[in-house]
Engineer: 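Mind having a look at this structure? Questions to follow.
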There are 2 protein chains.
Amino acid sequence: MAERARATIATIAREAGVSVPTVSKVLNNRGDVAPQTRRRVEDLLVKHRYRRRTATRTTRTGLIDLVFVDLHGQWSAEVLRGVEEATQRADVGVVVSAVKGQEARPHGHWLRRIMARGSDGLLLVLSDLSPDQRSQLADVGMPVVLVDPVGVPDAEIASVGATNWRGGMAATQHLIELGHSRIAVIGGPPAYLCSRARLDGYRSALERAGLTVPAEYVRQGDFLSASGHRETMALLDLDEPPTAIFACADQMAMGVYEALFDRGLRVPQDVSVVGFDDLAQTRWAVPPLTTVRQPLTEMAAVATRMLLQLVAGEELDSTRLELTTDLVRRSSTAPPGAAAPPEPAAGEAAEEPGAPVGA
Amino acid sequence: MAERARATIATIAREAGVSVPTVSKVLNNRGDVAPQTRRRVEDLLVKHRYRRRTATRTTRTGLIDLVFVDLHGQWSAEVLRGVEEATQRADVGVVVSAVKGQEARPHGHWLRRIMARGSDGLLLVLSDLSPDQRSQLADVGMPVVLVDPVGVPDAEIASVGATNWRGGMAATQHLIELGHSRIAVIGGPPAYLCSRARLDGYRSALERAGLTVPAEYVRQGDFLSASGHRETMALLDLDEPPTAIFACADQMAMGVYEALFDRGLRVPQDVSVVGFDDLAQTRWAVPPLTTVRQPLTEMAAVATRMLLQLVAGEELDSTRLELTTDLVRRSSTAPPGAAAPPEPAAGEAAEEPGAPVGA
DNA sequence: TTGTATGCGTTATCAT
DNA sequence: ATGATAACGCATACAA
């Protein structure tokens, strides 16, 4: 059996009994091929381990894919807005899809679909790619940009995030400056890098201020409000409950509010609360939430522009960008110990309109 | 100038100096045509008013288009979720785009783009189609479903809405039943049909109860929170300010909250508030907002299923569907002049349509 | 028939 | 030169 130096399109074409262009069409997902023929050729391509000689520049479909891992309310909406903004002028359509949290890992049928349909590029939000998926994408030369990736950003893959560590630090420092020393934190899933970074920022701020962190002050949530509620309850049951809580996501902060409310504690007089994200709804919360703004819309817009550059075959200046986070001071933080009746009974004392009323 | 019985592909082909198949490819958005050629042929097709002889069964692209008129936060997010849900199993991609409010009317370049790219169908949210656009779509046989259309739903075009009139009625009746007689309303843009319907529901409920509506009690907003704030301020400045306000959109209700807050008035002790939509965030508001639930997610899902039916060439049972609205009783409504606070809503009690409002 | 759609090869062209 | 793609037409299949 002769050693083939390298399988070329012509080899495949001869063996499949078709012309060279036909094989090319199969390779490029062109429509001009009968399903039968296509399958036959595809099989041969696999059999011969065919690889393109040159950096493939596939035909544009004019579509990019935006894939969310779970379509969660406000958060996704802001990302979508950013993507829209960035594609407004370019002539590309945005195909939005959501994969269920679990589906993300396994076979990634979603990726197969996208690749079969043909897409110029992929924006993946709050997720990550398996090595297998990466090589699939690399094979067809489909560029990817990750928005707020879960894991350690691979230097190979472009990604956009926020300065989570600095944000966590800023939130905590703000509380320290107000005079708090019993500051608890409710983090997100530890698998999420952004979550870890915020937590580390919290730790660093406390250490730098010479404060120690009791282990029970570091709670683990899942970014959703229920976990904020649950962990706050646990915190309030401690012998020395905190005077301030840093929730690593606004959604969780809403749960914190609720729990404090249930216990008849006022924000910020009894407990100060800081969130993270700056979702629109936190402005309407009572009291308006002090939080760390994460420029989701802009992050998405930047990621999209990066992707469009890659699609156009241009080089990126940097494969990793982190946009800055900012502390937004509203009304949920105040110096500790303004007044502290821990457990008022059902009797209600509505004093100032500024204070939410414990029941 | 000779009268041609009917322009055929062959006519066009001859005139354009290409073969018949090439024209066919242009018609079907196939890729095998040079941009120059394509444009030349397209121009001729328009010039000759070319029409397919046969009921065109275009090749599926596996894509549908979801077009928002302005991408507004939570609202769009819920719609998107519904669409995702409905397409999850079907093998179709959802191309999401947003047109700026003004762009919607004029030439609709966005529609050209979509048609050029090729789409199996169109979901249009909170908007309407010009007659011109309708005929364009009809020409290529692209089905459309409108979600919550702005104007009078054309019987020809499939659309999904909510029972806005009933919702407006229910909200108002609820307030009447609580004992309110000075009930104001803040409506949306009068051009929006859904807005008018809610307002009419409000009027009917009051009339039915034998109450008269002072003209100053009917305010016009734009569905955004700022307008809710502004109109509430105006209402409070009246000689006889209302004891209850029905805001025709949750966003506006948040503005109402804010204005009442600014004036040192409590919800619901001093003024009751009812919203419309039931956005997720209203559960976190303090107090949780009594509102009319509009099943946005389900409306979108239903609309999508209708569209997929049309794409599949099936007939619809009905071209117009209205999903039901439900009053969700939370804690922002109480009898007028009530001294007692509402029952504490512990944890998830917020969702219950129970009765926090004692008589 | 006549009109239209599809699969695939031919030819020219582009990139290395 | 050589591998690969792009544009177009031919032949044919299918529809009314």
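Letters A, B, ... are given to chains in the order of the sequence lines, protein chains preceding strands, and every chain is numbered from 1.
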Engineer: Find the distance L27(B):CG to dG3(C):C1' and express it as a whole number of Å.
Structural biologist: 12 Å
Engineer: Using a 4.0 Å heavy-atom cut-off, does V20(A) contact any base of the nucleic acid, only the sugar-phosphate backbone, or nothing at all?
Structural biologist: base
Engineer: Checking contacts here: which listed nucleotide (dG9(C), dA7(D), dG3(D)) is nearest the side-chain heavy atoms of P35(B)?
Structural biologist: dA7(D)
Engineer: Expressed in angstrom and rounded to an integer, what is the separation of I9(B) atom CD1 from dG3(C) atom C1'?
Structural biologist: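 So the two atoms are 7 Å apart, to the nearest Å.
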Engineer: Does T22(A) have a side-chain nitrogen or oxygen under 4.0 Å from the phosphate oxygens OP1 or OP2 of dG9(C)?
Structural biologist: yes
Engineer: What's V18(A) touching, base or sugar-phosphate or nothing? Going by heavy atoms closer than 4.0 Å.
Structural biologist: sugar-phosphate
Engineer: Take the protein atom CZ of R38(B) and the nucleotide atom P of dA7(D), then report the distance between them rounded to whole Å.
Structural biologist: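 Whole-Å distance recorded here is 9 Å.
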Engineer: May I ask you to verify if any side-chain N or O of T8(A) is less than 4.0 angstrom from the OP1 or OP2 atom of dA4(D)?
Structural biologist: yes
Engineer: Indicate whether OP1 or OP2 belonging to dG3(D) is found under 4.0 Å from a side-chain N or O atom of S24(A).
Structural biologist: no
Engineer: For dG3(C), does either OP1 or OP2 sit under 4.0 Å from a side-chain N or O belonging to Y50(B)?
Structural biologist: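 For dG3(C), OP1/OP2 do not have a side-chain N/O of Y50(B) under 4.0 Å.
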Engineer: Kindly say whether L124(A) contributes a backbone atom to a donor-acceptor pair with the side chain of S127(A) at under 3.5 angstrom?
Structural biologist: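 No, the answer is negative, given that no donor and acceptor are paired below the 3.5 Å cut-off.
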Engineer: Under 3.5 Å, is there any donor-acceptor pair linking the side chain of K25(A) to the base of dG7(C)?
Structural biologist: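 Such a pair does not exist between side chain and base.
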Engineer: Output the single nucleotide from dC8(C), dT10(C), dC8(D) whose closest atom is nearest the side chain of P21(A).
Structural biologist: dT10(C)
Engineer: Distance check needed: dT13(C) P versus D32(B) CG, whole Å only.
Structural biologist: 17 Å
Engineer: Contact between T22(B) and T37(B) at the side-chain level, heavy atoms closer than 4.5 Å - yes or no?
Structural biologist: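 Contact flag for T22(B)/T37(B) side chains = yes.
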Engineer: Assess whether a salt bridge exists between E42(B) and R40(B), defined as any Lys/Arg side-chain N lying under 4.0 Å from an Asp/Glu carboxylate O.
Structural biologist: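 Judged by the 4.0 Å cut-off on N to carboxylate O distance, E42(B) and R40(B) do not form a salt bridge.
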Engineer: Between dA7(D), dG7(C), dG3(C), which nucleotide has the shortest distance from any of its atoms to the side chain of A34(A)?
Structural biologist: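 My answer, after comparing the listed nucleotides, is dG7(C).
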Engineer: Between Q36(B) (CD) and dT13(C) (P), how many Å, whole number?
Structural biologist: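 The distance from CD of Q36(B) to P of dT13(C) comes to 13 Å, rounded to the nearest Å.
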Engineer: What is the minimum heavy-atom distance between V95(A) and G93(B), and which atoms define it?
Structural biologist: CG1-CA, 4.0 Å
Engineer: Under 3.5 Å, is there a donor on one side chain and an acceptor on the other for T297(B) and R81(B)?
Structural biologist: no
